[in-house]
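Numbering starts at 1 and runs along the sequence shown. Excluded from the calculations below are hydrogen atoms, water molecules and symmetry mates; all remaining heavy atoms, backbone and side chain alike, are included. Note that ligands are numbered from 1 as they come in the structure, with each ligand's atoms numbered from 1 the same way.
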Amino acid sequence: MGFPYTRMRRLRVSAGMRRLVSGVRLSASDFVVPLFVCPGTNVKEPIASMAGCYHFSVDRVVEEAKSIAALGIPAVLLFGLAEHKDALGSEAWSDGSAVCRAAAAIKRAEPELVVMTDVCLCAYTDHGHCGLLKDGRVDNDATLEKLAETAVAHARAGADVVAPSDMMDGRVLWIRRALDEAGLTETAILSYAAKFASAFYGPFRDAAGSAPGQGDRKSYQMDPACAHQAMREIALDIDEGADMVMVKPALAYLDILRQAKDRFDVPLAAYQVSGEYMMVHAAAERGLCDLRQTMLETLLAVKRAGADVIITYFAKDAAAIVNRLAAGKG
Ligand code: PBG
């Protein structure tokens, strides 16, 4: 029954027909908005390396959270900028950190909005690595205590989900135990389980002030050439108590997303990182492709590959567009 009886184009003749048969559909509920919170008051400062993104002080991030919730987006992911850096990154687990204060303020203003926090030391250490250094190397086991303390501080402040992004071995177990011991049994863990040592983090490191002073992150983040380790990393994190797992970056790792989706029964998140986001912006700015169409196509690809949750700097723009489409307003 090939051509001429079968004509694939019948199902593409109109916008209505295409909408009817499309398998994957984006919705505002798919998205998480990353937010950068900084010390100070009345700050809403554009981030030079990331178009349309801002550093917010705690007082100003609340209005942003409200506009995110109003779009039907269910969650935000908080990153903090340090007031003070030291060798240990001790501001990370301070109750007075911008992240802790922002988590509390957002939960007060928008109780239904899920507040996730990035748990890592890199924005707080003076050397810029994600863990404590010993003889110039990142000391895995010494770092675990500090990550656990950080997660507990965030959860106590009101975070619903803590998201360790450091890639130390054993951190999910350490964090789960510390949360439970503190009575924070309902705080969920989203682990950055398969996080690759990627060049796509460049714009973010400018935004968060978290670039390593010396060396790189290749001794803890994964080798982009190594697919089989990704499945082991995810399996281990689920075993240690991760409620949700993440693949990061997204677009260059769609194969990993698909494998993870087929293999594991926990919610799967994908992080469309700063470099992926800025690549689309840069191309659109040069007139090489349409910003809106390209944005939607990348997000569709990530969802089609298997992501249940998409963390993206495009979240607000994309939600506004898909909300209009869902209302039949093109
Ligand atoms: C911190 C962290 C990074 C990102 C999220 N958490 C940077 C890194 O690992 O160097 C990158 C996010 C992005 O590029 O948008 N460990």
Would you kindly specify which portion of Tyr277 sits under 4.0 Å from ligand 1, judged on non-hydrogen atoms: side chain, backbone, both or neither? neither
Should the proximity of Ser165 to ligand 1, defined as any heavy atom under 4.0 Å, be assigned to the side chain, the backbone, both, or neither?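 Both the backbone and the side chain of Ser165 come within reach of ligand 1.
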So, regarding Gln221 and ligand 1 (criterion: nitrogen or oxygen to nitrogen or oxygen, under 3.5 Å), is there a contact or not? yes
Among all protein heavy atoms in this structure, tell me which lies nearest to atom 4 (C) of ligand 1, with the distance rounded to 0.1 Å.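 Checking every protein heavy atom, the shortest distance to atom 4 (C) of ligand 1 gives Lys248 NZ, 2.7 Å.
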Distance from atom 14 (O) of ligand 1 to nearest protein heavy atom, with residue and atom: Ser274 OG, 2.7 Å
Would you mind listing which atoms of ligand 1 come within a distance below 4.0 Å of any non-hydrogen atom of [X]?
X: Tyr271; value: 12 (C), 15 (O)
X: Asp118; value: 6 (N)
X: Cys120; value: 16 (N)
X: Tyr313; value: 12 (C), 13 (C), 15 (O)

Does Cys122 come within less than 4.0 Å of ligand 1, judged by its heavy atoms?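 Judged by the 4.0 Å heavy-atom criterion, Cys122 does count as contacting ligand 1.
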What I want to find out is whether [X] reaches [Y] closely enough, with some N-O distance under 4.0 Å, to be called a salt bridge.
X: Lys146; Y: Glu149; result: yes
X: Glu110; Y: Lys107; result: no
X: Glu64; Y: Lys316; result: yes
X: Arg101; Y: Asp95; result: no

For the hydrophobic clusters of this structure (ILVMFWY residues joined by side-chain heavy atoms under 4.5 Å, transitively), does one cluster hold both Leu71 and Val114? yes
Out of Arg217, Glu276, Lys195, Met278, indicate the one that has the non-hydrogen atom closest to atom 2 (C) of ligand 1. Lys195
Geometric class of the Phe196/Tyr253 ring pair [parallel <30°, tilted 30-60°, perpendicular >60°]: parallel
I want to know whether Phe56 and Phe36 have ring centres closer than 6.0 Å. no
Check for a donor-acceptor pair, side chain of Arg60 on one end and backbone N or O of Val43 on the other, with a separation under 3.5 Å.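 Looks like no, no N/O pair under 3.5 Å.
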